[in-house]
Amino acid sequence: MLMPRLIRKLTLLFTLLFLFLSLTTNAAATTTITQQFKEAPQFYNSPECPSIDQDEIDSEAEPDGDNTIFCSEHAVHVAMTLDAAYIRGSMAAILSVLQHTSCPQNIAFHFVASASANASLLRATISSSFPYLKFRAYTFDDSSVSGLISTSIRSALDCPLNYARSYLANILPLCVRRVVYLDSDLVLVDDIAKLAATPLGEKSVLAAPEYCNANFTSYFTPTFWSNPSLSLTFADRRPCYFNTGVMVIDLDRWREGDYTTKIEEWMELQKRMRIYELGSLPPFLLVFAGDIVPVDHKWNQHGLGGDNFRGLCRDLHPGPVSLLHWSGKGKPWARLDANRPCPLDALWAPYDLLQTPFALDS
């Protein structure tokens with residue numbers, strides 16, 4: 001009788017040990033960067049670029065000498081999230097920004113990484129490929145939003161870092177008054193300074209390409225539309241869908257209006273009654289749709305990653321292109337690695353800084 005009981009106990013012990021090792025390995029995979037990247041070329045300002053000097057920095061700047069560009073109103077401030085899973089896409093996006101702008105030395109990057117990530121490794125990875133890049137890295141406390149996240153139609157959308165865009169006004173220094181937020185699965189083929197200079201008028205908080213032909217009602221559940229008070233949310237505005245992967249944000253106005261709290265209030269309601277299915281996008285629509293400054297569609301040729309379920313190939317929208325965005329399930333680096341690329345993935349490939357095994361051997 002003792003032997004079968006002992007065998008059962010040992011079996012249970014080994015099963016638990018296997019599960020523990022599996023979870024540990026998966027957790028490590030999210031914080032470890034196994035890929036190596038090439039060094040990008042250095043890019044220089046054209047003669048007509050404005051100079052950035054200490055005299056223009058306001059009193060809210062920190063006193064260190066490196067701070068000049070990070071509080072300059074002449075700089076183009078770009079915010080992105082950083083994590084190990086999407087680092088390859090981030091590297092390509094950074095390279096595309098630098099390559100196509102007239103004033104690359106006037107761009108200040110603000111990277112936001114999860115507090116649970118290996119921030120020093122992420123910084124070192126960026127620095128090794130872009131030794132001359134002017135950037136700062138900030139940590140985002142996952143616990144500040146994890147309790148508000150509801151499960152969505154795709155697990156990648158439930159990552160707390162996906163919600164960091166809602167907290168940029170709190171994370172970035174007060175002296176940063178305007179920022180261009182970019183997702184990691186895109187490349188620019190035009191000067192980002194043009195996008196950053198989008199006029200926001202007297203009171204608008206953000207600008208983005210909007211798509212008024214999209215079925216706006218589909219972004220919310222029947223529970224939302226059947227509720228008399230909730231359905232009046234858009235009564236005094238003409239709401240249109242916009243993609244939150246490319247936005248120009250006035251951080252001063254965001255802070256004054258306390259828009260982070262307004263987004264959180266909708267997320268809290270979502271926890272009580274399911275009013276949407278799609279991650280961090282619907283709260284933005286609830287707060288801003290119909291009140292943003294529309295930007296030319298060329299600044300977000302989105303959806304190139306297909307839908308959220310199968311990630312099938314898609315064509316470009318009609319018209320000019322300044323930014324290609326692989327939103328959706330399919331990412332160009334994954335499809336290229338699997339030897340199943342979509343035709344438009346060839347437009348992302350020239351910005352890929354991944355060091356291939358052949359290059360390492362040589």
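- Using bins of under 30°, 30° to 60° and over 60° for the plane-to-plane angle, the ring pair Phe70/His110 lands in the perpendicular bin.
- By the 4.5 Å heavy-atom criterion applied to side chains, Trp326 and Arg335 are counted as neighbours.
- Trp225 places none of its side-chain heavy atoms less than 4.5 Å from the side chain of Leu230.
- With rounding to the nearest 0.5 angstrom, the OG atom of Ser114 is 8.5 Å from the CG atom of Asp83.
- Contact detail for Leu172 and Arg255: the closest heavy-atom pair is O-NH2, 3.6 Å.
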Practice problem: Take Glu268 and Leu148 through the side-chain contact (heavy atoms from CB on, under 4.5 Å) test and state the conclusion after the steps. | Solution: CA-CA 6 Å; Glu268 288 168 355; Leu148 295 172; 3.3 Å; yes
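- His317 and His297 share no donor-acceptor pair across their side chains, judged by distance under 3.5 Å alone.
- With contacts defined as side-chain heavy-atom distances shorter than 4.5 Å, the pair Pro283/Ser166 does not qualify.
- Looking at Tyr167 and Asp141, their side chains never come closer than 4.5 Å, going by heavy atoms from C-beta outward.
- Side chains of Ser96 and Trp348: no donor on one and acceptor on the other come within 3.5 Å.
- Residues Lys194 and Asp190 are paired through a salt bridge, judged by an N-O separation under 4.0 Å between the basic side chain and the carboxylate.
- Annotation: side chain of Val287 is in contact with side chain of Tyr259 (closest heavy-atom distance under 4.5 Å).
- Separating the OG1 atom in Thr139 from the CG atom in Leu122 is a distance of 12.0 Å, to the nearest 0.5 Å.
- For the pair Phe242/Asn300, no side-chain contact is recorded, criterion being any heavy-atom separation below 4.5 Å from C-beta on.
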Exercise. Decide yes or no on ring-ring contact (aromatic ring centres under 6.0 Å, His included) for Phe216 and Phe234, but give the supporting numbers first.
Key: CA-CA 11 Å; Phe216 190 80; Phe234 303 105; 5.0 Å; yes
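- Salt-bridge check for Asp345 with Lys331: failed, with every basic side-chain N at 4.0 Å or more from each acidic carboxylate O.
- Looking at Ile149 and Lys271, their side chains never come closer than 4.5 Å, going by heavy atoms from C-beta outward.
- For the pairing with Asp185, the side-chain hydrogen bond (donor to acceptor under 3.5 Å, both in side chains) check across His302, His325, Arg88 returns one residue only, His325.
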Quiz item: Between Tyr351 and Gln99, does a side-chain contact (heavy atoms from CB on, under 4.5 Å) hold up when you go through it step by step?
Solution: CA-CA 9 Å; Tyr351 303 97; Gln99 186 169 319; 4.0 Å; yes
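- For the pair Thr101/Val76, no side-chain contact is recorded, criterion being any heavy-atom separation below 4.5 Å from C-beta on.
- Remark: of the listed residues Ile249, Val112, Asp183, Thr81, Asp183 is the sole one forming a side-chain contact (heavy atoms from CB on, under 4.5 Å) with Arg165.
- Atom-to-atom distance recorded for Leu186:CG and Leu324:CG is 9.0 Å, nearest 0.5 angstrom.
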Quiz prompt | Chi angles and distances behind the ring-ring contact (aromatic ring centres under 6.0 Å, His included) call for Tyr219, Tyr241 | solution = CA-CA 9 Å; Tyr219 291 96; Tyr241 160 76; 5.0 Å; yes
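- Note that CG of Asp252 and CG of Leu200 are 11.5 Å apart. Values are rounded to the nearest 0.5 Å.
- Atom CG in Leu182 sits 7.0 Å away from atom CG in Leu323 (nearest 0.5 Å).
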